Amino acid sequence: MEQQKQFLDLTGDFVASIDLQNRIEYINRSGRRLLGIASDHDLAASPLHVDQFHDPDTWQSLADDIFPQVLKQGHWNGQLTLRALDGRPVPVMFSLLPHLDPQGQVCGLTAVGEDLRLRQALQTQKDMAERILDSTIEGIMVTDAHARIRRVNTAFTQITGYAAEEVIGRTPKFLRSSHHDQTFYDDMNRRLHQRGCWQGEIWNRRKSGELYLQWMSVSALRRDDGSTSHFVSIFHDLTEMRAKEAEIEQLAFSDPLTGLGNRHKLSQTLMHQLKAIHSGGGKLALLCIDIGQLSPINDRFGMKGGDELIQHQAQRLQQGLARPLHLYRLVGDELVAMITDAPEPAEVARYADDCIHILQQPVHLHGEVIQLSPSVGIALSPKDAEDGDTLLANAQTALLAAKQTGRDGYHFYDAALSSELRQRLMLEQQLRMAIRPGADLGLQLYLQPKVDLRCESVVGAEVLLRWHHPEKGMISPADFIPLAEESRLIIELDRWVFQRSCELLRDWQRAGRPVPSISINLSARQLQEPDLVDWCLDQIKIFGLQPAMLELEITETAFINLSDQVLEQLHALKLAGFHLALDDFGTGYSSLTYLRRLPLDVVKIDRSFVADLCQDPRAATLLKGVMRLLDEMGFGVVAEGIETADQSNLLQRIRCQLGQGFLYHRPMPVGSFVELLDKAPPASAS
């Protein structure tokens with residue numbers, strides 16, 4: 001018996017015997033290891049029972065079903081999950097047999113089991129390998145040593161069109177195209193058998209009959225004796241990849257609106273063309289084309305209307321010029337035409353004149369007839385510059401000169417162009433840099449207090465923008481604001497002011513300082529932005545503010561030819577909780593119409609109205625009537641530009657309670673405004 005136990009200890013399977021009371025009489029070394037029973041555990045002195053190694057449900061099944069079945073049928077095979085002494089679950093495949101005493105009576109059971117954890121781990125690894133094969137984007141084909149296909153993955157089917165059941169057992173010859181001769185395949189097989197691998201481009205045929213180019217790598221799998229057991233082919237479809245590469249290049253170098261080359265494409269082409277001029281001679285002309293005062297179009301029809309106009313004019317130029325030009329869209333409504341092998345300047349001027357004539361033709365846009373005033377700036381190489389960046393900058397300088405001399409014309413670059421034009425271009429670039437995140441080029445918020453005219457207490461402030469340039473000193477808003485409007489920087493500038501104002505309010509709120517009402521100006525172009533409302537609300541959320549803490553001022557001139565889009569934007573802002581004010585009231589011609597249509601809270605009387613109060617009795621009478629009307633309509637009123645005590649007294653007599661002007665406070669830096677608040681806490685606006 002002892003010798004038998006030694007033999008049983010050598011096996012890797014679980015072997016145990018139990019008596020009819022379910023006490024374990026013997027368990028071999030593998031079984032002890034599997035169940036966590038110490039090798040020196042004395043089963044006679046410290047008995048262990050079967051139910052100690054099963055959860056209650058499994059033990060119930062053993063006692064009621066499995067053990068009786070063994071006794072009745074003489075055997076039982078099946079899987080059970082044991083529970084080791086440390087609580088670990090152990091899946092085991094069991095065979096249970098009864099053993100008999102010398103009288104032939106059943107005296108116990110013998111259990112022989114296989115630990116399934118290794119088998120399950122191997123199966124898990126196999127399943128994972130299958131999933132990996134089927135999830136890769138490369139096609140995979142496995143053949144035996146005789147080139148019979150044994151396995152393909154999902155990508156193989158997607159690329160070739162053949163399902164697995166259609167190809168298993170066949171050789172890959174059915175995939176061949178007629179593009180390669182037999183010599184190609186002989187060379188492939190020779191290198192594969194000599195080196196154990198081959199890779200390269202190959203033309204194959206899909207199930208549909210379509211030829212396609214693929215990159216394929218074939219490797220031989222060797223046995224220990226060096227013979228080949230299988231070949232593994234991995235391939236991907238190059239036609240799709242190259243189509244994507246072409247698509248990426250199209251996105252990288254094409255303008256999505258017009259389909260013309262973009263700035264990157266222009267730079268690349270310029271570099272090659274100028275290099276050719278340097279090495280072989282020749283001339284090149286660069287025409288910078290402004291299609292003509294797009295701002296009113298955007299204000300009238302929105303950005304979508306402006307985009308339609310740019311597309312239309314770009315197509316006109318492409319189709320209408322006698323000489324084909326390399327045409328690019330630089331930015332906004334600015335196009336660039338390149339003439340290689342350029343003729344004499346007089347001929348280039350005629351091309352510029354043709355461009356202007358084409359762009360001047362009336363355009364029908366949304367039922368209206370639009371006529372533009374285009375301008376063209378011209379720079380020549382090698383005369384004006386020998387590198388692309390300088391040549392383009394000179395063409396833009398010439399364009400600026402053309403626009404400033406009245407539009408509807410062209411201008412050649414001249415090194416003697418006024419320094420004012422150069423400074424203007426430089427100022428635009430510096431303004432563009434100044435509004436970038438983290439820039440410190442002197443843009444600052446100023447605040448002009450609003451006061452209660454009766455007690456002169458501060459009730460709020462209007463946010464203004466000032467530019468203390470680190471090199472040029474103070475730059476007037478009259479200089480940089482029009483520049484921002486012309487270059488479309490006004491949208492980014494508006495948003496810069498909005499963000500800094502929100503940051504200011506957040507800091508005051510965190511410091512426990514009373515937060516006065518703050519007014520921010522929105523430009524006409526900003527009102528055309530489709531994402532305006534969502535963007536404003538996002539900023540409010542980022543800075544932890546409430547919309548009612550901000551008053552958005554819109555100038556009366558923004559509502560000339562008021563579009564439904566602008567009206568919808570204003571109603572959405574009002575619904576979101578922002579206060580809305582009409583600035584510069586009294587400078588336009590349709591103010592009463594605006595008052596009826598717009599969701600306003602406050603009307604600001606323009607300074608030109610206030611300036612005439614004491615000199616012109618009719619102005620005072622008119623303003624008194626307007627004040628009564630505004631009061632009946634429920635609007636708050638703020639008078640701007642109050643400079644004398646007489647103006648203030650007269651405004652108070654006609655029941656205007658709020659105002660701002662040099663009589664009380666000039667625009668001041670944020671720090672000075674805070675000091676003003678600390679000296680005299682703000683009163684509530686009534």
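All of these numbers come straight from a predicted model, not from anything done at the bench. Positions are given from 1 along the sequence.
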- Task: Would you please test Leu570 and Leu527 for side-chain contact (heavy atoms from CB on, under 4.5 Å) and show each step?
- Result: CA-CA 8 Å; Leu570 292 174; Leu527 290 172; 4.0 Å; yes
- Item | Inter- and intrachain pairs under side chain to side chain donor-acceptor pair (under 3.5 Å), touching residues 186-201, at least two apart | Gln182-Asp186, Asp187-Arg190, Glu201-Arg242
- Does any pair with a residue in residues 215-225 pass side chain to side chain donor-acceptor pair (under 3.5 Å), and if so which ones, sequence neighbours excluded?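 Every pair satisfying side chain to side chain donor-acceptor pair (under 3.5 Å) with a residue in residues 215-225: Arg222-Thr228, Arg223-Ser227, Asp225-Ser227.
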Is there a donor-acceptor pair closer than 3.5 Å between any side-chain N or O of [X] and the backbone N or O of [Y]?
X	Y	value
His75	Ser95	no
Arg263	Leu330	no
Asn28	Asp13	yes

Not counting sequence neighbours, which residues clear side chain to side chain contact (heavy atoms under 4.5 Å, CB included) with [X]? List them please.
X	result
Asp181	Thr183, Phe184
Ser39	none
His571	Leu567, Pro599
Ala572	Val533

- side-chain contact (heavy atoms from CB on, under 4.5 Å) between Phe67 and Trp76, intermediate numbers included: CA-CA 8 Å; Phe67 286 167; Trp76 180 86; over 6 Å; no
- Please list, chain by chain and in numerical order, all residues satisfying side chain to side chain donor-acceptor pair (under 3.5 Å) with Ser177, sequence neighbours excluded. none
Please list every donor-acceptor pair under 3.5 Å in which a side-chain atom of residues 45-56 meets a protein atom from a residue at least two apart or in another chain.
from: Gln52; atom 1: OE1; to: His49; atom 2: N; distance (Å): 2.8
from: Asp55; atom 1: OD1; to: Asp57; atom 2: N; distance (Å): 3.2
from: Asp55; atom 1: OD1; to: Thr58; atom 2: N; distance (Å): 2.7
from: Asp55; atom 1: OD1; to: Thr58; atom 2: OG1; distance (Å): 2.9
from: Asp55; atom 1: OD2; to: Thr58; atom 2: OG1; distance (Å): 3.4

- Task: Provide the full list of salt bridge (charged side-chain N to carboxylate O under 4.0 Å, His left out) pairs with a residue in residues 153-169, sequence neighbours left out, each pair given once.
- Result: Glu166-Lys207
Non-neighbouring partners of [X] that pass ring-ring contact (aromatic ring centres under 6.0 Å, His included), sequence neighbours left out:
X	result
Tyr162	Phe174
Phe94	Phe14
His312	none

- Task: I would like to know whether Tyr212 and Gln214 meet side chain to side chain donor-acceptor pair (under 3.5 Å); could you show each step before the answer?
- Result: CA-CA 7 Å; Tyr212 70 102; Gln214 68 180 35; 2.8 Å; yes
- Looking at Lys265, Gln311, Arg329, which hits side chain to side chain donor-acceptor pair (under 3.5 Å) with Asp255? Arg329
- Task: Let me see the working for Arg33 and Asp115 under salt bridge (Lys or Arg N to Asp or Glu O under 4.0 Å), right down to the final yes or no.
- Result: CA-CA 11 Å; Arg33 190 163 49 245; Asp115 186 349; over 6 Å; no
Above 12 or not: heavy atoms from other molecules or residues under 6.0 Å from [atom1] of [X]?
X	atom1	value
Leu257	CG	yes
Asp389	CG	no
Gln546	CD	no

How far apart are the closest heavy atoms of [X] and [Y], and which atoms are they?
X	Y	answer
Leu62	Pro68	O-CD, 3.8 Å
Val167	Ile149	O-CB, 3.5 Å
Leu445	Val670	O-CG2, 3.7 Å
Pro172	Ala147	CD-O, 3.3 Å

- May I ask you to say whether Arg23 pairs ionically with Asp19, meaning some side-chain N is under 4.0 Å from a carboxylate O? yes
- Message: Could you go through Arg500 and Gln444, starting from their C-alpha distance and side-chain angles, then the distance that decides it, and tell me whether this counts as side chain to side chain donor-acceptor pair (under 3.5 Å)?
- Response: CA-CA 9 Å; Arg500 296 305 178 278; Gln444 297 179 14; over 6 Å; no
- Item | Inter-residue atom distance Leu522.CG - Cys536.SG, 0.5 Å rounding | 6.5 Å
- dist Tyr328:OH -> Thr258:OG1 (nearest 0.5 Å) comes out at 12.0 Å
- Message: Please evaluate residues Cys502 and Ile540 with respect to the criterion side-chain contact (heavy atoms from CB on, under 4.5 Å), reporting the C-alpha separation (whole Å), side-chain torsions for both, the decisive distance (0.1 Å), and the verdict.
- Response: CA-CA 7 Å; Cys502 289; Ile540 289 293; 4.2 Å; yes
- Kindly indicate, with the supporting measurements, whether the criterion side-chain contact (heavy atoms from CB on, under 4.5 Å) is fulfilled by Val463 and Leu504. CA-CA 11 Å; Val463 177; Leu504 185 62; over 6 Å; no
- Item | Option passing side-chain contact (heavy atoms from CB on, under 4.5 Å) with Trp496 (candidates Leu443, Ile491, Leu489) |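 Only one of Leu443, Ile491, Leu489 forms a side-chain contact (heavy atoms from CB on, under 4.5 Å) with Trp496, namely Leu443.
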